[in-house]
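The analysis underlying the following values was restricted to heavy atoms, covering all of them including side chains, and did not include hydrogens, waters or symmetry mates. Throughout, a chain's letter reflects where its sequence line sits, starting with A, and its residues are numbered from 1. Everything numeric in this text was worked out from a predicted model, so none of it was measured.
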Number of protein chains: 2
Amino acid sequence: MSRSASIKDVANHARVAVGTVSNVLNYPDRVSQRTKDRVLLAIDELGFVRNDAARQLRAGHSRTIGLIVLDVGNPFFTSVVRAAEDAAALQGSAVLLGDSGHDASRESNYIDLFQEQRVQGLLISPVGDVTERLDQLRERGVPTVLVDRLADEAKYSSVSVDDDAGGYLAARHLLDIGRRRLAFVGGPTSIRQVADRLQGAQRAVAEVPDASLEVLDSAGQTVLAGRGVGDQLVRRSADDLPDGVFCANDLLALGVMQSLAMLHTLRIPEDIALIGYDDIDFAVSAVVPLSSIRQPTEALGRTAIELLAEELDAMGPTSVRPHHRAVIFTPELVVRQSTAGASAG
Amino acid sequence: MSRSASIKDVANHARVAVGTVSNVLNYPDRVSQRTKDRVLLAIDELGFVRNDAARQLRAGHSRTIGLIVLDVGNPFFTSVVRAAEDAAALQGSAVLLGDSGHDASRESNYIDLFQEQRVQGLLISPVGDVTERLDQLRERGVPTVLVDRLADEAKYSSVSVDDDAGGYLAARHLLDIGRRRLAFVGGPTSIRQVADRLQGAQRAVAEVPDASLEVLDSAGQTVLAGRGVGDQLVRRSADDLPDGVFCANDLLALGVMQSLAMLHTLRIPEDIALIGYDDIDFAVSAVVPLSSIRQPTEALGRTAIELLAEELDAMGPTSVRPHHRAVIFTPELVVRQSTAGASAG
DNA sequence: CCGATTCTTTGAATCGTTTCATTGTTACGA
DNA sequence: TCGTAACAATGAAACGATTCAAAGAATCGG
């Protein structure tokens, strides 16, 4: 259990100066082949591993980027995280991951931690009101990019997905396969995502003269909430039923599907076409594979890192003008069996 | 965009020595109230935030613990991670999370990164053969605890779950509700978890004279693989059918359930009782809520941190004897509707 | 008022790396 | 052979926090 070898130990062992060892590690071209070989051998023999704390102390900042998400268990964020890690690795940075779990105090703790660690920058999908903290960080030279939240370009960079467009896509698809009596199933419209998706759907319906859209409020965003709405539906008389249902997320859609499947009189997609949102793993393996709206999570994660890099560039010692961009992605329609085939009978 | 304030700036601003500022932060009792107030005011006015790199450089080690999991998207690991983070926070450490994604090279990169960061210790559910790396780390004073993998106590500490016991629990439960013709559905038995669960089931069946266990090999561990097995089952004649099915995980069970639900002649649990493994979120919201075996993920995460603390203690300058413990948890039966009611008709 | 004791405060040394001005070395053309 | 580039190697200083021996201040009993 010996203390780790330092660059000084390596220097002694290789009979060179510490500066030379440093050069071998950072500017190999400045060192002659002979010396380089000797140093590398010494490094190997001593099992030397750079001490990142010392590097970072000297450099004034770390080579890490903080990323705080609302819920790592959510496949949406899992995918964003992975993409961000890969993109960061390409530019030689590592990602420190924090999971706020929708809890403002956990979020705040992570911001503290990351600030102590002197991260290069911060990616965050905020829970609480963190604008003050973020402003303070920026003043210290630590830029922020908001993730999955549209920000005022005058203040922050951000990456987000156009939920209105997604809602439009879903409703438009139902209309395209001939459905006219649509229903929207979603939780409280106080959630921005839900409101936007509904709005997009309404926009699509307004474009088709004889189409209608009914809004069915669900108690939440879970499978059980969906089943609650589904149970109401199956109790209706046939001429009162929608022929196309758009759910604000896949869990709700799966719940609705379960209700319809248990009663064996209504068929998907023949009687009711069904589409969800998010394209979670379970969508493809549902009893009837579920059509859905896929969000470009990889692009979100990758772009967030790119925007952060732009912010860092813009803060270079030369230019001090802030540089913000709000990138909005458009989601994508994924058609499966639950909306397959032509129009309803 | 001013440089962050250092402890020196604080000292100047408060007209005290740097050592005093440090004492205020680390040993408040050593400092008089008057001075403390002055220093705290200065800290506040300058917005001083400790530089962790400098602390860590001086201390020789960080206050962080590395945690490398196979897949953060997997609810099992998500839960372990959260518990570990909370337990670490209690003892004043933070957790650096790495997701190897079952990829040995990503895993290796994270070990490199954590070693450069001089983490206090490492929790890992390994992909590749990392014993050499881990031994090297231990020699440097960085202990490791294996997660979700039973280790030889002579070499490592570990936390794991007794899959044999879980398999026994599941099969025993089916037998307890009167089922006798059991079937096990699982992927290749080369996967240790699958083999152990099967073995436990066989043990339970062996205890009941007139019970039998049939093994149905599934192509994988997914919903679709489960549906494949289910489709085979529904084609059988009634007297050739099992009356209790135990699946090696919940996804398989959900697949089997889908097959049976689509054909409307076999009922769950009346004709076939069904139980899964893992107790994922979807289990409770399946068409027929699924009985399952729950793994004590919170205990796993918490205990992993505790074992690491023990290892660190045991490595203190006084004692050098290694101290390893392999803690094995017993999973828990969760009964829902899919195995409800008494014996089969 | 003095010496002893306790409580506060000080500031230089240290951790391991990078940087950079300086010195040392080599090679080459004149 | 010498002067001059071009190239290599050197080692002290700096980054910011913590530690600790030592100095300074306050308190108390006699």
Side-chain angles (χ1 to χ4, degrees), chain A residues 2-40 42-43 46-64 92 115-120 140-141 317, chain B residues 2-40 42-43 46-64 92 115-120 140-141 317:
Chain A
S2 53
R3 185 178 58 71
S4 285
S6 76
I7 214 176
K8 211 172 198 167
D9 300 325
V10 173
N12 288 337
H13 199 264
R15 313 203 151 278
V16 296
V18 289
T20 304
V21 178
S22 177
N23 281 334
V24 169
L25 295 170
N26 300 301
Y27 307 94
D29 294 347
R30 293 188 190 165
V31 184
S32 74
Q33 193 59 48
R34 275 177 50 86
T35 338
K36 208 174 344 185
D37 290 346
R38 268 223 315 291
V39 170
L40 290 174
I43 286 178
L46 298 178
F48 166 76
V49 176
R50 261 185 173 94
N51 183 327
D52 201 58
R55 277 189 100 176
Q56 174 174 332
L57 172 58
R58 178 64 230 236
H61 61 89
S62 73
R63 293 165 306 120
T64 54
Q115 197 173 359
E116 288 194 5
Q117 306 247 15
R118 299 291 193 271
V119 294
Q120 288 185 284
R140 305 277 167 84
Chain B
S2 53
R3 185 179 59 72
S4 287
S6 75
I7 212 175
K8 211 171 197 167
D9 300 324
V10 174
N12 289 336
H13 199 263
R15 312 202 152 277
V16 295
V18 290
T20 304
V21 178
S22 176
N23 282 335
V24 170
L25 295 170
N26 300 301
Y27 308 93
D29 295 347
R30 292 188 191 163
V31 183
S32 74
Q33 194 60 48
R34 276 177 50 85
T35 339
K36 211 176 339 188
D37 289 346
R38 269 224 314 290
V39 170
L40 289 175
I43 286 178
L46 298 179
F48 166 77
V49 176
R50 262 190 178 86
N51 183 327
D52 201 59
R55 276 188 101 176
Q56 174 173 333
L57 172 58
R58 178 66 230 238
H61 62 88
S62 73
R63 294 166 305 119
T64 54
Q115 197 172 0
E116 289 193 5
Q117 306 247 16
R118 298 292 193 269
V119 293
Q120 287 184 285
R140 305 275 168 84

Review point. Which distance, rounded to the nearest 0.5 Å, do you find between the NZ of A/Lys36 and the CG of A/Asp29?
Key: 6.0 Å
Revision key, fill the gap. So CG of B/Asn51 and CD of A/Gln117: to nearest 0.5 Å the spacing works out to 10.0 Å
Check your understanding: Between the main-chain N or O of B/Glu116 and the side-chain N or O of A/Arg50, is there a donor-acceptor pair closer than 3.5 Å?
Key -> no
Exercise for review: Spell out, as yes or no, whether a donor-acceptor pair under 3.5 Å connects the side chain of A/Arg118 to the backbone of A/Gln115.
Suggested key: yes
Rounded distance in Å - [atom1] ([X]) to [atom2] ([N]):
{"X": "A/Ile43", "N": "C/dG16", "atom1": "CD1", "atom2": "P", "result": "16 Å"}
{"X": "B/Arg15", "N": "C/dT10", "atom1": "CZ", "atom2": "P", "result": "12 Å"}
{"X": "A/Arg34", "N": "C/dT25", "atom1": "CZ", "atom2": "C1'", "result": "13 Å"}
{"X": "A/Asp9", "N": "C/dG16", "atom1": "CG", "atom2": "P", "result": "8 Å"}

Review point. Is there a side-chain contact between B/Arg140 and A/Ser4 (heavy atoms, below 4.5 Å)?
Key: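 SC-SC contact between B/Arg140 and A/Ser4 confirmed.
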Check your understanding: Given side chains that start at C-beta, do those of B/Val39 and B/Val31 come closer than 4.5 Å, heavy atoms only?
Key -> no
Review point. Base, sugar-phosphate, or nothing for A/Thr20, non-hydrogen atoms under 4.0 angstrom?
Key: base
**Study point:** OP1 or OP2 of D/dA9 under 4.0 Å from side-chain N/O of A/Ser32
**Key:**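 Yes.
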**Study point:** Reading 5' to 3' through nucleotides 15-24 of chain D, protein heavy-atom contacts under 4.0 Å coded B for base, S for sugar-phosphate only, - for none
**Key:** BBBBB-----
